[in-house]
Amino acid sequence: MTVTGGVRVARRECRRVWVGRVAVGGGAPVSVQSMTKTPTADVDATLRQIAELTAAGCDIVRVAVPSQDDADALASIAGRSPIPVIADVHFQPRYVFAAIDAGCAGVRVNPGNIKRFDDRVADIASAARDRGVPIRIGVNAGSLDPRLLAKHHGKAGPEALVESALWEASLFAEHDFHDVKISVKHHDPVVMMAAYEQLAAQCDYPLHVGVTEAGPEFQGVIKSAVAFGVLLREGIGDTIRVSLSAHPVREVKAGIGILESLGLRPRRLEIISCPSCGRAQVDVHRLTEQVAAAFEGFPAPIRVAVMGCVVNGPGEAREADIGVSSGNGKGQIFVRGQVVATVPEHRIVETLLDQALALTGTTAGPSV
Ligand code: SF4
């Protein structure tokens, strides 16, 4: 049960798996994942990107394993990564075993892309069980098992995605292997939401939620935020990945932002800024960008209000920890509802920052 703003959200009850030290499902906090976009065989570049993702707050990272060189790099990467590493395997079952041997914390398989997957499940389940490695069954609309696609008249709709996932999970269950999480991704958030809702009702495996191929950053964040918002509000979803045609750090920031907006993760920095209008007496957009940049990485949770005039300015500024209500080339600075200073426009940002540091008792400046 999560309580946010006095609203209770019941999380779906499900099994728990452990991806290294990160619990997924069974009431664990919703974790944020991303995927490196470097050639995995380039160990140094991949570890550098993992370090960037870790600094951004990523909980679990996935790396692609399309070749033997990539498989050979897994031991170095998994052994030196500060966060659990999941190997992403398509087509070649031998890389599943390589990933498990290399010490990866999890393996994602796409059974629809693995020939004679049914025949390999016993061996995969046995190897994964021996090393305590969970398997993600990652069903994608673009790579459904051809047999299922034919059965559903070539349409990878919610029913086909769910049937595929449950059938593949049942193959593992036949070998008494239940250390499984599932994803049923589609590029269309409406189809994807329907698939996850159906899946959630029919199994108790933890669910990895994602809109696949969500697109460039602006579109992808909107699609993901809409779909994740609906599902997480219904209690569905145990780990998330925002898939963007952008740097993976942007995926992590988006994922964390979605969880913060839903009250599923404490907010670190919230900026309440007005959209501006004809009444504004300051360039609100520029001021907001300056405040956001100045507070990036602020060392304590804080809510900052940036308001363009006196209509809503003082009210919102009072509700925040720190706020400014602008007008006539000046900014009235609020701290916890009290006016503490009136400063010229060019000193608004530095005054907000100074007051925030004093309020939170943090002596160091923002870390970024
Ligand atoms: Fe317009 Fe003032 Fe409201 Fe900003 S606070 S949107 S400037 S009325």
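Counting begins at 1 with the first residue of the sequence. One-based numbering, in listed order, for ligands and for the atoms of each. Computed from a predicted model, the values in this text were never measured in an experiment. Any value given below was found using the heavy atoms of this structure, including those in side chains, with hydrogens, waters and symmetry copies removed.
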Any salt bridge linking E296 with K253? Criterion: basic side-chain nitrogen under 4.0 Å from a carboxylate oxygen. yes
What I'd like to find out is whether the side chain of H247 reaches to under 4.5 Å of the side chain of Q49, using heavy atoms alone. yes
Which ligand 1 atoms does A280 reach within 4.0 Å, using its non-hydrogen atoms? 7 (S)
Just jot down the ligand 1 atoms closer than 4.0 angstrom to any heavy atom of R279, in number order. 8 (S)
Residue selection (non-hydrogen contact nearest atom 2 (Fe) of ligand 1) among G278, C309, A305, S325: C309
Counting each atom of ligand 1 from 1 as listed, which ones have a heavy atom of C274 under 4.0 Å away? 4 (Fe), 5 (S), 6 (S)
Run the numbers on C104 and V133 for side-chain contact (heavy atoms from CB on, under 4.5 Å), then give the verdict. CA-CA 8 Å; C104 288; V133 172; 5.9 Å; no
For the residue pair Y205 and H178, categorise the inter-ring angle as parallel (less than 30°), tilted (30 to 60°) or perpendicular (more than 60°). parallel
